[in-house]
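Working notes, beginning with the structure itself.
Labels below follow one simple rule: chain letters A, B, ... track the order of the sequence lines, proteins then strands, and each chain is numbered from 1. Both backbone and side-chain heavy atoms feed into the values below; hydrogens, waters and symmetry mates do not.
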Protein chains: 2
Amino acid sequence: MVVLSSLMQIGELSSRAGVSHRTIHYYERIGLLKPAEREGAGYRYYDDNAFQRLEKIAALKKLGLSLDEIAAVIDLYFEDASGIKGKEKVLAILEAQLAKADAQLAELSTFRRDLISNIERMKSLIDGARETR
Amino acid sequence: MVVLSSLMQIGELSSRAGVSHRTIHYYERIGLLKPAEREGAGYRYYDDNAFQRLEKIAALKKLGLSLDEIAAVIDLYFEDASGIKGKEKVLAILEAQLAKADAQLAELSTFRRDLISNIERMKSLIDGARETR
DNA sequence: TCCAAATCTACACTACACGTCAGGTTTAGA
DNA sequence: TCTAAACCTGACGTGTAGTGTAGATTTGGA
């Protein structure tokens, strides 16, 4: 075997990131996530960066991006930024995502408030029914 | 024809709400949205309530709810809650959703913080490049 | 009355994001 | 060296959320 310092196999990555190994395979197929190393007979070895990529993918999915859209932007988060060309463009994308996140935070808060008031309403309706029994 | 004051047909509803008429049919099939009236030979007629339901559905979808989950709670927004049966069950659903919303809020906030630090980094890189020009 | 536009039903089909299964290979430790 | 656990590929299956299409019917206006 080759000692690949602090690399992990797909099983560990998948349990750490909370996704199945088939999902990781799938992400690889569509170009979202490559193993750091494919040693010998084909086992995949990942570094911590891969873990962070999975986290970022999950976060972007929650924002409502499709995997295709994620593939289009995720490298922005992991490439050496100083080498990136078109920094202004990247900045614009990041700021658009910030706007989206803020909008979603606002919606979520409203939803949360609605939920709480509905919960209260439900509780008092249930209590009312109990009293008149 | 029957004059149904201020009702609209599926075409108008769909363009107002920004969904296809096929989607509206689909929502009807799964019990999410019923026409106010089915006059004569089967044309569907909708009132403004239907429009608001579609908006609410879109909002809840954005929060990551499935159509099934939406079906389970949407009446709370439009029906007289006192008539709802299975209040305890509904309450449990609402509380689960609150927990979900809170988790999502936390994650989104983290994501937002990351975004901002990335944005700052980009900005200073851009400024740096300008200085050394 | 005639006709184009809108709508109807029903079935089939698609896209996305995985999951399942089968059969084979590799690895690491006893 | 042996073996169980981990991993591999490829093909096929699944759930969700719709979309497409065909052929028939209805509607409202000229």
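Among the atoms of the strands shown, none is found under 4.0 Å from any heavy atom of A:R29.
Side-chain contact check for B:L105 versus A:S109: some heavy-atom pair is nearer than 4.5 Å.
As a whole-Å value, the separation of B:Q9 CD from C:dC8 C1' is 12 Å. For the pair B:I30 CD1 and D:dG18 P, the computed distance is 8 Å after rounding to whole Å. For the pair A:L7 CG and D:dC7 P, the interatomic distance rounds to 14 Å; values are reported in whole Å. Taking atom CD1 of residue B:I10 and atom P of nucleotide D:dT25, one finds them 20 Å apart after rounding to whole Å. Whole-Å rounding puts the B:Y45 OH to D:dT26 C1' distance at 9 Å. Atom CG of B:D68 and atom P of D:dA17 are 7 Å apart (whole Å). The nearest whole Å value for the distance from the CD atom in A:E69 to the C1' atom in C:dA17 is 14 Å. Between the CG atom of A:L54 and the P atom of C:dC18 there is a distance of 11 Å, rounded to whole Å.
Between A:H25 and B:L67, the residue whose closest nucleotide on DNA chain D is further toward the 5' end is A:H25.
Sorted by first and then second residue, the side-chain hydrogen bond (donor to acceptor under 3.5 Å, both in side chains) pairs involving residues 50-61 of chain A (not counting sequence neighbours) are A:D48-A:Q52, A:R53-A:D75. Note on residues 67-119 of chain B: no pairs pass ring-ring contact (aromatic ring centres under 6.0 Å, His included), not counting sequence neighbours.
Scanning for side chain to side chain donor-acceptor pair (under 3.5 Å) contacts around A:H21 gives an empty result, with sequence neighbours left out. Qualifying side chain to side chain contact (heavy atoms under 4.5 Å, CB included) partners for A:K34, counting only residues two or more places apart in sequence or in other chains: none.
Looking at residues 57-66 of chain A, you'll see A:K61, A:S66 sit with a heavy atom under 4.0 Å from some atom of DNA chain C.
Comparing D:dG18, D:dT9, C:dA17 by their closest approach to the side chain of A:Y26 singles out C:dA17.
In terms of phosphate contacts, B:T23 brings a side-chain nitrogen or oxygen within less than 4.0 Å of OP1 or OP2 of D:dT19. Applying the 4.0 Å criterion to OP1 and OP2 of D:dG18, one finds that B:Y27 has a side-chain N or O inside that range. For D:dT9, the OP1/OP2 oxygens have a side-chain nitrogen or oxygen of A:R38 closer than 4.0 Å. Taking 4.0 angstrom as the limit, A:R44 places a side-chain polar atom (N or O) nearer than this to OP1 or OP2 of D:dC8.
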Which atoms of nucleotides 20-26 of chain C (N or O only) lie under 3.5 Å from a protein N or O atom, and what are those distances?
unit_1 : atom_1 : unit_2 : atom_2 : d
C:dT20 : O4     : A:R22  : NE     : 3.0
C:dT20 : O4     : A:R22  : NH2    : 3.0
C:dT26 : O2     : A:Y43  : OH     : 3.1

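Looking at A:Q104, its side chain does come within 3.5 Å of a backbone N or O of A:K62 through a donor-acceptor pair.
For the atom pair B:L115 CG and A:L63 CG, the distance stands at 7.5 Å (nearest 0.5 Å).
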